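Note sheet for the following structure.
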Amino acid sequence: MLRGRLDQHGITHRFVEMHDPVMAFADPVQIQQITGNLLSNAIDAIIATKQAGGHIETRIWLEEGHACCRIEDNGVGIPPGLAAHLFEAFWTSKEEGTGIGLAISRNLVEANKGQIWVMQDQKKGTAFCFRIPASVSRSGKEEG
Ligand SMILES: Nc1ncnc2c1ncn2[C@@H]1O[C@H](COP(=O)(O)OP(=O)(O)OP(=O)(O)O)[C@@H](O)[C@H]1O
Ligand SMILES: [Mg+2]
């Protein structure tokens, strides 16, 4: 879906996943909306640097019974003053933004019994993480 924008701005994307597939109890369409919102924000943040060398890394892994996903960019970073309101509706730093992408993403993550949070590093950009319960039983076997 976002390939066109990545190519247009010369942004590289790396997808890192575990050797075995990470299985989760979740609505796949909602997960696609969450990752789409996060990737779209990452692309916007990179474009805002007005520099070449934009890079996004999407990583998924299994940890503490959760399927975890981190989307990391080397964009401009979260604007000061917005950090405390990121997941609230209508907070935006973009001229054409509505500020609902992250609010919707948090609702969707929580609807799938998960959590979403941000990690900031001024030098490197921003990383958003979310996790949802994995479909692994106590014995460690995949369920369903
Ligand atoms: N990866 C990121 N890097 C830097 N800032 C970000 C990033 N993701 C979100 N933000 C900041 O958080 C704000 C809110 O993001 P959110 O996705 O909720 O709304 P938006 O992208 O502005 O508009 P839209 O409703 O179109 O998604 C953004 O305007 C931006 O300032
Ligand atoms: Mg957005």
Side-chain angles (χ1 to χ4, degrees), residues 1-136 140 142-144:
M1 250 167 25
L2 297 163
R3 173 54 57 195
R5 288 187 77 210
L6 289 172
D7 291 347
Q8 187 189 344
H9 296 282
I11 300 169
T12 53
H13 177 257
R14 190 160 90 109
F15 182 57
V16 185
E17 59 183 327
M18 289 176 70
H19 184 260
D20 293 322
V22 176
M23 309 289 280
F25 289 120
D27 181 318
V29 175
Q30 294 183 348
I31 299 303
Q32 194 175 41
Q33 283 177 310
I34 297 161
T35 52
N37 283 341
L38 297 180
L39 284 167
S40 175
N41 282 346
I43 293 171
D44 291 341
I46 287 170
I47 293 171
T49 65
K50 299 193 168 93
Q51 281 177 8
H55 183 67
I56 300 172
E57 185 178 284
T58 301
R59 180 177 291 267
I60 58 171
W61 72 100
L62 201 58
E63 189 178 315
E64 293 174 355
H66 285 78
C68 306
C69 175
R70 185 178 74 210
I71 295 177
E72 191 171 11
D73 65 65
N74 62 353
V76 286
I78 307 287
L82 217 72
H85 304 284
L86 279 182
F87 297 100
E88 293 169 29
F90 309 122
W91 285 81
T92 182
S93 62
K94 300 169 196 173
E95 261 175 42
E96 300 192 356
T98 42
I100 57 166
L102 287 176
I104 289 173
S105 298
R106 182 170 66 176
N107 280 345
L108 294 177
V109 168
E110 290 176 355
N112 286 280
K113 300 189 169 59
Q115 296 91 33
I116 186 168
W117 66 97
V118 67
M119 295 164 78
Q120 269 182 274
D121 181 338
Q122 298 299 359
K123 278 178 240 146
K124 286 192 214 146
T126 311
F128 279 86
C129 300
F130 69 93
R131 62 176 212 165
I132 43 176
S135 53
V136 176
E142 297 284 340
E143 280 175 355

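Order of listing sets the numbers, starting from 1, for every ligand and every atom in it. Please read all numbers here as calculations on a predicted model, not as lab measurements.
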Legend entry - Side-chain heavy-atom pair Leu62, Asp20 within 4.5 angstrom cut-off: no
Legend entry - Close approach, Val76 and ligand 1, non-hydrogen under 4.0 angstrom: no
Inset, instruction - Look only at interatomic distance and state if Ala45 has a nitrogen or oxygen under 3.5 Å from any nitrogen or oxygen of ligand 1. - result: no
Legend entry - Nearest neighbour in protein (non-hydrogen) for atom 29 (O) of ligand 1: Ser93 N, 2.9 Å
Legend entry - Atom indices of ligand 1, in the order listed, that fall short of 4.0 Å to a heavy atom of Phe128: 1 (N), 7 (C), 8 (N)
Inset, instruction - Report yes or no: does Asp27 contribute a side-chain atom to a donor-acceptor pair with the main-chain N or O of Asn112 at less than 3.5 Å? - result: no
Legend entry - Minimum-distance protein heavy atom relative to atom 22 (O) of ligand 1: Thr92 OG1, 2.5 Å
Inset, instruction - Tell me, please: is Phe87 in heavy-atom contact with ligand 1, that is, under 4.0 Å? - result: no
Inset, instruction - Output yes when a side-chain donor or acceptor of Asp73 lies under 3.5 Å from a complementary backbone atom of Ile46, and no otherwise. - result: no
Inset, instruction - For Asn37 and ligand 1, answer yes if some heavy atom of the residue is under 4.0 Å from a ligand atom, otherwise no. - result: no
Legend entry - Sub-3.5 Å N/O-N/O distance, Gly97 and ligand 1: no
Legend entry - Option nearest atom 23 (O) of ligand 1 (shortest heavy-atom distance, choices Gly99, Gly101, Ala89): Gly99
Inset, instruction - Using distance alone, determine whether Asp44 and ligand 1 share an N or O pair under 3.5 Å. - result: no
Legend entry - Shortest protein heavy-atom distance from atom 6 (C) of ligand 1, along with the residue and atom involved: Ile78 CD1, 3.6 Å
Legend entry - Any Gly75 heavy atom less than 4.0 Å from ligand 1: no
Inset, instruction - Quick one: name the protein N/O/S atoms under 2.8 Å from the Mg ion (ligand 2), chain by chain. - result: Asn41 OD1
